[in-house]
Amino acid sequence: MTKYAIIGMSGRFPGSNNIDDFFNNLLLGKCSIEKLNDTQISESPFSGNKKFVPVTASFDDADYIDASFFKMSPSEAKVIDPQQRVFLKCCYEALEDAACSPQKSPNRIGVFGSSAISSYLLNNVMKSNKWTDMFNYSNFIGNQNDFAATRVSYKLNLTGPSLTVQSGCSSSMVAISAACSSLKNGHCDIALAGGVSITYPRNSGYIYNEGTPFSSTGKIRPFDDTANGMVKGDGCGVIVIKSLEDALRDKNSIYSIIDGIGVNNDGNRKVGYAAPSINGERSAIREAIKNSKIDSNQIDYIETHGTGTPLGDPIEIRALSQAYNLKSSCQIGSVKANIGHLDSASGIVGLIKGSLILHHNIIPKSVGFKTANSNINFEKANLFINNEVNNPLDPKTTHYVGVSSFGIGGTNVHIILESGKKMHSLDDYQEYLIPLSSKNEVALKEYINRFINFLKRHEQISLKDVSKTLIYGRSDYEIKKVFIAESVNTLLEKLENDNFVSSEVFGSSTYQEWFADKYYDLTSVKRSGAFIFLPKQPFNEDKYLLQPLKSDHNKENSLTNYDDKEADIKQMITLWNEVLGTKNVHDNSDFFDLDGDSLIAIDLLERVNKVYSSNVETSELINNPTPSKLLHFIIGKHKNNQFDNVQEINYSGSQAKNLFLIHPAGGSTYCFHALIKNMQHVGLNVYAISYPESLKTNLSISKLASLYIKQISKIQVKGPYIIGGYSFGVASRILCK
């Protein structure tokens with residue numbers, strides 16, 4: 001099998017918002033499954049149930065995103081499932097970590113992702129004023145897991161294949177397999193792969209029911225004799241993959257190397273659909289070992305699926321034993337004991353753990369294990385769990401890690417990882433160009449602080465590699481500071497004292513052109529330097545969480561008098577501000593200049609059409625892109641009568657009740673015009689409904705009534721309705737609810 005390099009990573013896991021903190025927590029033996037506090041318990045929808053298990057495993061910034069950075073309106077950010085948001089920012093960070101800026105690279109970058117079902121849609125969106133009985137396309141796109149990968153491709157301008165993979169708990173590992181296949185087939189040059197799972201309502205615990213795979217105690221103890229199930233966790237993990245040949249050519253730093261992959265399905269060779277299969281797991285593991293071309297006894301550590309279930313754990317150990325046939329003891333573990341079961345993201349977090357083990361040359365101790373499951377013979381399998389100390393690996397030797405992930409439904413994956421390579425070059429004791437940029441001043445200040453702290457921990461780092469990574473591997477943003485330094489100490493001093501080169505010095509040149517003219521051609525840095533792991537771009541995030549909101553925009557026919565444009569334009573501007581999530585809209589603000597797109601347009605027009613009883617299409621918004629123009633267009637449609645058989649013959653204001661007058665047998669409404677003309681104080685909005693001249697077929701009375709009811713409902717959404725008619729000179733008045 002072709003070998004593939006993992007050259008970038010990012011993640012959000014319970015108890016950690018980045019991969020460094022995540023691995024440090026593992027080395028500390030920290031379990032991030034925590035008990036709910038009193039407030040969380042009181043707010044949990046499950047707290048009144050006798051089988052309530054009050055635990056949580058989550059991370060801090062699931063509800064947050066830098067909407068401006070990713071060109072989202074606040075309204076759009078609120079309605080999009082946080083799973084898609086977190087996956088997007090992790091993909092961006094992983095590309096930064098890999099020095100693969102889409103802005104700088106001509107490579108085709110593919111996206112292969114997985115996400116769990118959107119509980120945000122069920123528990124937040126559908127319980128807010130964003131939800132109506134009508135189909136809402138923007139809500140659908142924002143909360144359907146099919147679109148997690150393609151949203152990343154759109155927002156980051158990635159042109160390789162973009163697809164979502166779903167196979168239950170093994171989804172993110174299958175995504176890695178699909179990414180490697182795409183690289184092999186030449187469909188992309190670089191691939192992002194990973195998964196995300198975030199459950200709403202967050203931090204609310206769960207209900208334990210006997211017979212389910214969940215733990216009654218709120219603890220997950222893989223392979224332990226007291227294990228009785230799993231605990232759900234929230235998280236996201238993303239890696240960047242490149243062919244090993246290309247990574248070595250481009251001098252990318254490598255976390256680990258994918259040597260072999262095995263993927264299959266159990267079929268029906270098991271007791272039930274959701275049950276594990278020894279045959280299926282063993283076959284996938286053997287396939288990975290065969291494809292890696294390593295001796296199975298070379299393996300140093302195996303990151304298991306390890307769900308802490310009495311049935312699944314013994315089966316997995318038997319499958320590992322039969323597939324590896326080890327001659328000497330090998331350590332195993334399961335990250336689920338630390339952070340819970342991350343569902344569709346569980347495979348990627350295991351693979352990230354395995355990669356970091358090889359990157360840092362140390363195996364973290366296991367937590368949640370005391371006494372072996374009585375149905376597991378570890379000694380016979382030549383496997384053991386180390387729950388006492390972290391186990392160092394010799395950095396001078398090549399090491400191998402196996403990672404398993406098995407999904408309900410029987411899709412099994414096993415991947416063999418090999419030690420990677422940390423690239424570095426030697427400085428030439430000359431001046432180096434160090435550009436740092438962000439999208440705003442606040443972010444740039446934080447970015448510089450991150451670099452100061454990073455350089456203090458890595459004083460031996462090569463400035464040539466720093467320069468190459470920033471110039472050729474990171475994106476350039478509007479707010480920029482350029483530094484010139486010949487050593488780490490000099491750079492630190494300049495960063496701390498804000499001693500940067502003024503942009504006025506560059507004149508009409510770019511900072512690269514200016515540097516090349518004053519010092520030397522930067523191609524020498526590009527040619528001889530290496531891409532290295534540097535601090536990532538900070539986000540200036542806000543919380544976007546959709547909650548049930550009150551709205552007073554449900555009044556029927558709330559368009560005011562056509563001559564009172566001031567009230568109408570204020571109402572229109574209010575709608576635009578709500579949908580775009582801003583307070584800066586004025587009557588001539590252009591929708592598209594405010595980062596409005598087709599999905600936001602759908603949301604806006606749904607509200608506008610409801611408030612103004614209109615039927616404006618998205619194509620008509622293109623020609624009327626400001627509140628003033630759109631209002632003028634709607635008034636024109638009202639005056640010109642959007643229904644050929646419905647005519648407004650009197651208007652008394654948005655607070656007035658509506659009167660609908662139905663034609664007599666002849667079909668004409670002339671009599672109603674005469675009626676209104678002879679009434680001094682009508683006080684009603686009066687609509688006359690004539691027989692539709694365009695109707696080609698004769699309808700029964702009941703079908704004709706159904707047609708008129710639909711037309712009335714477009715003007716007044718709900719009852720009670722005031723309906724009048726004319727027959728033999730007698731006017732009738734009927735109240736309908």
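Only heavy atoms go into these numbers, but all of them, side chains included; no hydrogens, no water, no symmetry mates. What you see is a predicted model, and the numbers here were worked out from it, not measured in a lab.
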query = Cation over ring, Arg202 on Tyr120, under 6.0 Å and within 45°?
reply =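 Because its charged atom misses either the 6.0 Å distance or the 45° angle limit, Arg202 does not stack over Tyr120.
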From [X] atom [atom1] to [Y] atom [atom2], the distance as rounded to the nearest 0.5 Å:
| X | Y | atom1 | atom2 | answer |
| --- | --- | --- | --- | --- |
| Leu36 | Ile41 | CG | CD1 | 5.5 Å |
| Lys184 | Ser243 | NZ | OG | 12.5 Å |
| Ser419 | His399 | OG | NE2 | 5.5 Å |

query = Stepwise, does the ring-ring contact (aromatic ring centres under 6.0 Å, His included) test hold for Phe214 with His341?
reply = CA-CA 10 Å; Phe214 290 93; His341 191 328; 8.5 Å; no
request  = Look only at the side chain of Asp313 and the backbone of Gly308, and say whether a donor-acceptor pair between them is shorter than 3.5 Å.
outcome  = yes
ask   = Ring centroid separation for Tyr324 and His414, is it under 6.0 angstrom?
value = yes
request  = Kindly say whether the aromatic ring centers of Phe539 and Phe70 come within a distance under 6.0 Å.
outcome  = yes
Flag side-chain contact, heavy atom, 4.5 Å: [X] against [Y]:
| X | Y | result |
| --- | --- | --- |
| Glu418 | Ser256 | no |
| Leu351 | Val349 | no |
| Glu316 | Ser404 | yes |

remark   = Residues Val79 and Asn143: closest non-hydrogen pair is O-ND2, 2.9 Å
ask   = Is any NZ, NE, NH1 or NH2 atom of the basic residue among Glu34 and Lys219 found under 4.0 Å from an Asp or Glu carboxylate oxygen of the other?
value = no
note = Which of Leu417, Val403, Ile254 passes side chain to side chain contact (heavy atoms under 4.5 Å, CB included) with Ser355? It is Leu417
Give every donor-acceptor pair under 3.5 Å between a side-chain atom in residues 4-19 and any protein atom, sequence neighbours left out.
unit_1	atom_1	unit_2	atom_2	d
Tyr4	OH	Cys180	O	3.2
Ser10	OG	Glu93	OE1	2.6
Arg12	NE	Asp61	OD1	3.4
Arg12	NE	Asp61	OD2	3.0
Arg12	NH1	Asn17	O	3.2
Arg12	NH1	Glu93	OE1	2.9
Arg12	NH2	Glu93	OE1	3.4
Arg12	NH2	Glu93	OE2	3.0
Asn18	OD1	Asp20	N	3.2
Asn18	OD1	Asp21	N	2.8
Asn18	ND2	Asp21	OD2	3.2

key: Positive for side-chain hydrogen bond (donor to acceptor under 3.5 Å, both in side chains) with Ser118, one of Asp81, Asn124, Asn123   = Asp81
query = What class does the angle between the rings of Phe369 and Phe378 fall in, given that below 30° is parallel, 30 to 60° is tilted and above 60° is perpendicular?
reply =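 The rings of Phe369 and Phe378 stand perpendicular, inter-plane angle above 60°.
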